[in-house]
Amino acid sequence: MTIQHFRHRFILLLLASLCLGQTAQAASLAARLDSIVNASPLSRTSLIGVMVWDLQADTCVYERNATTVMRPASTMKLLTAVAALRQMGDSSAVRADMKGEQLRADFSMKDTVALGEGWCWDDNNPQLATRDTTIAMHPLGWLLWPMLKQSNNLAAEAVFYNLAAYCSNIEYSNKRRSVSSKTAQHCVEQFIQQLACDTPWLELSSDGTRLYRVADGSGLSLYNYVTPQLLTACLRHAWHDESLRRRLLACLPIAGYDGTLEHRMQGTEAEWLVAAKTGTLSGVSSLAGYCLPRTLAFTIICNGTMRQQPARDLQDALCIEMAK
């Protein structure tokens, strides 16, 4: 055997051992995640959906009920944000401004319905009938910060309807035309269909039944339905587009540092290393985003939760394990 053949064989053996090592690590992580889910009291009383995707190996690390239809709460904002960034671009202008600490958005292109479809009367509902024409123009990215960092529902609905106006080619100066929630829903659904074209493993229907429903842009509606697989595919899509990844990471809450994750996972392996969107509704708790040291995208949705804390404890424990 020549030295050249020996080197070639050595490289092949080295690559094979690395692949086996990565496979073993993934299997080990999957087992640990499964153990955490099984140990949670929610595993006996609630519906838990989880999907963890390795963005470097481009393969699934762990899944449980990944194709089960569930209510996402505010993790729905991820679909709205990525759909808007994908179709409008970060520099597209939207009308919004701040008055003190209060966000004001212009809905002059919107129909006259003030509340979103499927909103409960006692939820934290933004009013969508604003007709303020003096509000300044801002790039889309300006709205994404409060929408994702602070889970601002008014910002999310503003992005939702601005996306509808953009897709309908409606100018702000044209007050005779308006867009409805149906138009905005269709725009996000178009993005989901495009997502499926780029993601062969994404299931959008089963036995002729669609596995998702878009009702609003904020996740307030009880008529929103997604699968953990769909949200993970959205995160995967954004990661592999440099401009989308940069904008999304800049606006997502960071564990133990800011936004809606400021007080979570502090002093753990996940602190500073998990960037994710939270979701909270009565009976719903969710978390979806990225675990950066392992370059993982993940979605964790709990439905049928009587209290939020056990669901958050489960989400935090899974994130900490992923970050190790």
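All heavy atoms count here, side chains included; hydrogens, waters and symmetry mates do not. Numbering of residues begins at 1 and proceeds along the displayed sequence.
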Per the salt bridge (charged side-chain N to carboxylate O under 4.0 Å, His left out) rule, what does the pair list look like for residues 49-62, sequence neighbours excluded?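 Residue pairs passing salt bridge (charged side-chain N to carboxylate O under 4.0 Å, His left out), neighbours aside: Asp58-Arg236.
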Any salt bridge (charged side-chain N to carboxylate O under 4.0 Å, His left out) involving residues 27-44? Give me the pairs, sequence neighbours left out, ordered by first then second residue.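 Non-adjacent pairs meeting salt bridge (charged side-chain N to carboxylate O under 4.0 Å, His left out): Arg32-Glu321, Asp34-Arg64.
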Once ring pair (Phe, Tyr, Trp, His ring centres under 6.0 Å) is applied, do any residues pair with [X], and if so which ones, sequence neighbours excluded?
X: Tyr212; result: none
X: His186; result: none
X: Tyr290; result: Trp239

May I ask you to check whether Tyr225 and Arg71 show a side-chain donor-acceptor distance below 3.5 Å?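 Yes, Arg71 and Tyr225 have a side-chain donor paired with an acceptor closer than 3.5 Å.
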Side chains of Ser285 and Gln308: do they bring a donor and an acceptor to under 3.5 Å?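 A pair is found: one side chain offers a donor N or O, the other an acceptor, under 3.5 Å apart.
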Mind checking who shares a hydrophobic cluster with Trp272, ILVMFWY linked at side-chain heavy-atom distances under 4.5 Å?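 Hydrophobic cluster check, Trp272: joined to Ile254, Tyr257.
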Give the other cluster members for Trp145, using side-chain heavy-atom distances under 4.5 Å between Ile, Leu, Val, Met, Phe, Trp and Tyr residues; answer none if it is isolated.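 ILVMFWY cluster around Trp145 holds nothing else.
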List for me each residue that meets side-chain hydrogen bond (donor to acceptor under 3.5 Å, both in side chains) alongside [X], sequence neighbours excluded, and say none if there are none.
X: Ser221; answer: none
X: Lys77; answer: Ser74, Ser151, Asn153
X: Asp258; answer: Lys149

Tell me, yes or no, whether the heavy-atom count around Gln309 atom CD, taken from other residues, nucleotides or ligands under 6.0 Å, exceeds 12.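 Atom CD in Gln309 is crowded, with more than 12 foreign heavy atoms closer than 6.0 Å.
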Using salt bridge (Lys or Arg N to Asp or Glu O under 4.0 Å) as the criterion, list what pairs up with Arg312, not counting sequence neighbours.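 Expected list: none.
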Qualifying residues under side-chain contact (heavy atoms from CB on, under 4.5 Å), relative to Ser92, sequence neighbours excluded: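 So Ser92 forms a side-chain contact (heavy atoms from CB on, under 4.5 Å) with Met88, Tyr166.
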